[in-house]
Novice: 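Quick one: this structure, given as structure tokens, is what I'll be asking you about.
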Number of protein chains: 2
Amino acid sequence: MADVTIKDIATALGMAASTVSRALRGSYEINEKTRARVEEYAQKVNYRRNTVAQSLREKRTRALGVVVPEISNNFFSEVINGIEDEAFTRGYQVMIFQTHESFEREKQTVQQLYERRVDGLLISLSGQTTDIEHISRYKKDDLSVIYFDRVPEDENVDKVVVDSFEGVYQAATWMIQNGKRKIALLTSPPDIYITKKRLAGYAKALEDNGIDYDEKLIKYCGFEPWEAHDAIKDLVKNHQPEGFITCADRLTIDSYEEFKKQLTAGNTPLVPFFGFTNINVAHLLDPPINAIVQPAYEMGSRAAKLLIDKLEYNDRKHLGNRRTVPLPVEEKLKTHLVINFTT
Amino acid sequence: MADVTIKDIATALGMAASTVSRALRGSYEINEKTRARVEEYAQKVNYRRNTVAQSLREKRTRALGVVVPEISNNFFSEVINGIEDEAFTRGYQVMIFQTHESFEREKQTVQQLYERRVDGLLISLSGQTTDIEHISRYKKDDLSVIYFDRVPEDENVDKVVVDSFEGVYQAATWMIQNGKRKIALLTSPPDIYITKKRLAGYAKALEDNGIDYDEKLIKYCGFEPWEAHDAIKDLVKNHQPEGFITCADRLTIDSYEEFKKQLTAGNTPLVPFFGFTNINVAHLLDPPINAIVQPAYEMGSRAAKLLIDKLEYNDRKHLGNRRTVPLPVEEKLKTHLVINFTT
DNA sequence: TTGTAGGCGTTATCAC
DNA sequence: GTGATAACGCCTACAA
């Protein structure tokens, strides 16, 4: 059965398509009676507006693109949850893509999203991405972008991040206050922006407490489980840390797994294990993980809000109600510690 | 900067829009030289095709709608992962929505998806949904639908499910073989289709081993944590089960949490705990959960494949190459047990 | 308050 | 092999 269109309704009711269109969207300049007639008939024949045509005509889709490294990562799925909720309440819809940490796929995806004319883009960069030319090139074509979590260093973009400096600082400080001095840190590859922040937080905590910084206690790991495993093995064997801090969702699980193995084997004493993690069973593990929890849901909803606000600001601007150009925003969300374990 | 259109290119190159269009899509009836010229120029001015216009014209969007109760549920995010991967390799894009277990939101979402003219729909029903008129009404308007996981009983729809009968049967059998006879079962509300399957698997395992079925060991729980908590408390207090089986992702975590509390309090002996769960840390818990693992990723990719195959079959049909009408498909995927714990 | 006309960017059809 | 034209379904000037 073919779709009913506005024209069909117009013909059936003996009026012009424009009248029907106006009636359907509740234009103020329409006779209440006509409106009712149209609405009733539309209902009867099961009319559904065609968003595609509408988008073409209005040059906007009310769709947002979301690009993340991995949907099924706990952290990202929570972020997406936040994005989807905010978008839904503001009348936007969400298209989701994953890069699997591949730069090529990211590039391709962003282009597709642009071709689909999404109104805006929310993106967390792939592990391979080092510059953002493939994204910012669309800026001039009116594609608004908000970066979150894995953001570029660039100062001229809008971003929502977690205060990793503070998160690591707090965890390290907690360790020190509990008498630990040899604290191992497992983090992302050294050239990434966020890694620097984390290292800085760690270093500052040591410094504030007069503890020497020991390079050997720092391990840089990529996304492969064996990297975390090897790091833990080496730390346990050669340095016997009095505590561990891990700085990313996957990394935390992979490291903890090996830590537990070493613990069971009697190779390491039972020491506190801190991890950036959003799994909801940290307290059920044995030993429990002390979690540095990132406000994932909030990160998503804030980013979406930022984006939609920007879009609607642009609309207003377009209508001539131009104000000062908004400066690039960097929202920094606080982590919080969840202490499930004390020695 | 305004978008470059096919017309723009045509004007600039002094040819007709139709020629440019053909050249761009590599039509066979175009001069190689013209093609090269067009391509080069398009590249130069950074032309991107407008998918919206294309969709309107071609009456198809190459987009799929996905509706799940909760994105951030581990199981569903894995399913989505599978869907997205399959869709991506076949050239489709994915719009994702969540119902938060609300029927109203499900209805509204499906309508929006229809209005957006997605080519097909993949859906796992909300907890409140009892009939599917709000979905199947679009069937006649050419919206293909595949149900997965939480599917309707209806025999005339395509669906991909997990073999819950078999999953529960295996878990219960394992228990019995390990000498347990009083096995508690925590499952979804009794009127749901899938609940019946699960109960049947449980009952069959008992029957095959000559054990009496005891109604009191069965608990029906909704989505609220306290329901699981209360169920466990009651079971422990009044029946002292020799083992537990829980039948849904959330339910497993909530139940386990209370089970562990009761265990620590010394109210229950250490007994095997089986759960339908896709968390990747089941083996790290203490005591470990024995997992009935659902092939979530595969469920997603199978469902997406089914849908896209159907769409492309429809296309062929449309071209006159009609064959026999395909019958409704029910794909049943096997669970597998992961034994992390034995008494 | 309603109708007419034109266009959003693309592609299919029919000419040349 | 290429060009002109119409149409996909909708919306917004502008006219009546």
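Reminder, nothing fancy here: chain letters follow the sequence lines and each chain counts from 1.
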Novice: Find the distance between CD (Glu86(A)) and OG1 (Thr89(A)) and round it off to the nearest 0.5 Å.
Specialist: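 Reported value, rounded in 0.5 Å steps: 4.5 Å.
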Novice: Do NZ/NE/NH1/NH2 and the carboxylate oxygens of Arg49(B) and Glu115(A) come within less than 4.0 Å?
Specialist: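 Yes, this pair counts.
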Novice: If you measure from the Lys or Arg side-chain nitrogens to the Asp or Glu carboxylate oxygens, is any gap between Glu40(B) and Arg37(B) under 4.0 Å?
Specialist: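 So Glu40(B) does not pair with Arg37(B) through a salt bridge.
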Novice: For Thr129(B), check side-chain hydrogen bond (donor to acceptor under 3.5 Å, both in side chains) against everything at least two apart and list the hits.
Specialist: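 Scan of Thr129(B) (side-chain hydrogen bond (donor to acceptor under 3.5 Å, both in side chains), adjacent residues dropped) gives Glu106(B), Ser126(B).
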Novice: Please report, rounded to the nearest Å, how far the C1' atom of dG9(C) is from the CG atom of Asp3(B).
Specialist: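 Those two atoms, CG and C1', are 10 Å apart.
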Novice: Taking atom P of dT10(C) as reference, at what distance in whole Å does atom CG of Leu24(B) sit?
Specialist: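 The answer, rounded to whole Å, is 8 Å.
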Novice: Out of Val20(B), Asn50(B), Val38(B), which residue meets the side chain to side chain contact (heavy atoms under 4.5 Å, CB included) rule with Ile6(B)?
Specialist: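 The side chain to side chain contact (heavy atoms under 4.5 Å, CB included) with Ile6(B) is passed solely by Val20(B) among Val20(B), Asn50(B), Val38(B).
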Novice: Any side-chain N or O of Lys33(A) below 4.0 angstrom from OP1/OP2 of dT1(C)?
Specialist: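 Looking at the OP1 and OP2 atoms of dT1(C), neither is under 4.0 Å from any side-chain N or O of Lys33(A).
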Novice: To the nearest Å, give me how far apart CZ (Arg57(B)) and P (dT5(D)) are.
Specialist: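 Going from CZ in Arg57(B) over to P in dT5(D) covers 16 Å.
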Novice: Is there a side-chain contact between Tyr47(B) and the phosphate of dT10(C), meaning an N or O under 4.0 Å from OP1 or OP2?
Specialist: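 Indeed, a polar side-chain atom of Tyr47(B) lies that close.
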Novice: Looking at residues at least two apart in the chain, or sitting in another chain, which of them share a salt bridge (charged side-chain N to carboxylate O under 4.0 Å, His left out) with Glu84(B)?
Specialist: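 Expected list: Arg105(A).
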Novice: Between dG9(C) atom C1' and Tyr114(A) atom OH, what is the distance in whole Å?
Specialist: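 Those two atoms, OH and C1', are 12 Å apart.
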Novice: For Glu58(B) and dG9(C), what is the distance between atoms CD and P respectively, to the nearest whole Å?
Specialist: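 My rounded result for the distance is 17 Å.
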Novice: According to the ring-ring contact (aromatic ring centres under 6.0 Å, His included) rule, which pairs have a member within residues 28-51 of chain A, sequence neighbours left out?
Specialist: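 Sorted result for residues 28-51 of chain A: empty, none.
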Novice: Let me know the distance between CD1 of Ile9(A) and P of dG9(D), rounded to the nearest Å.
Specialist: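 Rounded to whole Å, this separation is 13 Å.
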Novice: Considering only dC10(D), dT11(C), dT10(C), which nucleotide approaches the side chain of Arg49(A) most closely?
Specialist: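 Looking only at heavy atoms from C-beta outward on Arg49(A), the closest nucleotide is dC10(D).
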Novice: Using whole Å, what does the distance between atom C1' of nucleotide dA7(D) and atom CG of Asn50(A) come to?
Specialist: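 Computing the Asn50(A):CG to dA7(D):C1' distance gives 14 Å.
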Novice: How long is the gap from CZ on Arg62(B) to OG on Ser55(B), to the nearest 0.5 Å?
Specialist: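 Reported to 0.5 Å precision, the distance equals 10.0 Å.
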Novice: Dot-bracket for DNA chain C: what is it, with Watson-Crick or G-U pairs under 3.5 Å, [ ] where a pair crosses earlier ones, and | for a pair to another strand?
Specialist: ||||||||||||||||
Novice: Please tell me if Lys7(B) has a side-chain N or O lying less than 4.0 Å from either OP1 or OP2 of dG7(C).
Specialist: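 For Lys7(B), the contact criterion (side-chain N or O under 4.0 Å from OP1 or OP2 of dG7(C)) is not met.
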Novice: If you compare every side-chain N and O of Gln54(B) against the phosphate oxygens of dT11(C) (OP1, OP2), does one of them come in below 4.0 Å?
Specialist: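 Yes, such a contact exists.
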Novice: Using only side-chain N and O atoms of Tyr28(A), determine if any of them is under 4.0 Å from OP1 or OP2 of dT2(C).
Specialist: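 For dT2(C), OP1/OP2 do not have a side-chain N/O of Tyr28(A) under 4.0 Å.
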Novice: Each nucleotide N or O in nucleotides 2-4 of chain D that has a protein N or O under 3.5 Å away: list the pair and distance.
Specialist:
unit_1, atom_1, unit_2, atom_2, d
dT2(D), OP1, Thr34(B), OG1, 2.8
dT2(D), OP2, Asn31(B), N, 2.9
dT2(D), OP2, Thr34(B), OG1, 3.2
dG3(D), OP2, Ala16(B), N, 3.0
dG3(D), OP2, Thr19(B), OG1, 2.3
dG3(D), N7, Ser18(B), OG, 3.4
dG3(D), N7, Arg22(B), NH2, 2.8
dG3(D), O6, Arg22(B), NH1, 3.2
dG3(D), O6, Arg22(B), NH2, 3.2
dA4(D), N7, Ser18(B), OG, 3.4
dA4(D), N6, Ser18(B), OG, 3.1

Novice: Measure up the Tyr138(B) and Tyr114(B) rings against each other and bin them: parallel (under 30°), tilted (30 to 60°), perpendicular (over 60°).
Specialist: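 Ring orientation, 0 to 90° scale: parallel.
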Novice: Can you name the residues that form a side-chain hydrogen bond (donor to acceptor under 3.5 Å, both in side chains) with Arg302(B), not counting sequence neighbours?
Specialist: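 Residues passing side-chain hydrogen bond (donor to acceptor under 3.5 Å, both in side chains) with Arg302(B): Glu331(B).
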Novice: Counting only side-chain N and O atoms of Ser21(B), is one of them less than 4.0 Å from OP1 or OP2 of dT10(C)?
Specialist: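 Negative; the distance criterion is not met.
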Novice: When the distance from CD1 of Ile6(B) to P of dA12(C) is rounded to whole Å, what number comes out?
Specialist: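 Distance check: Ile6(B) CD1 to dA12(C) P gives 11 Å.
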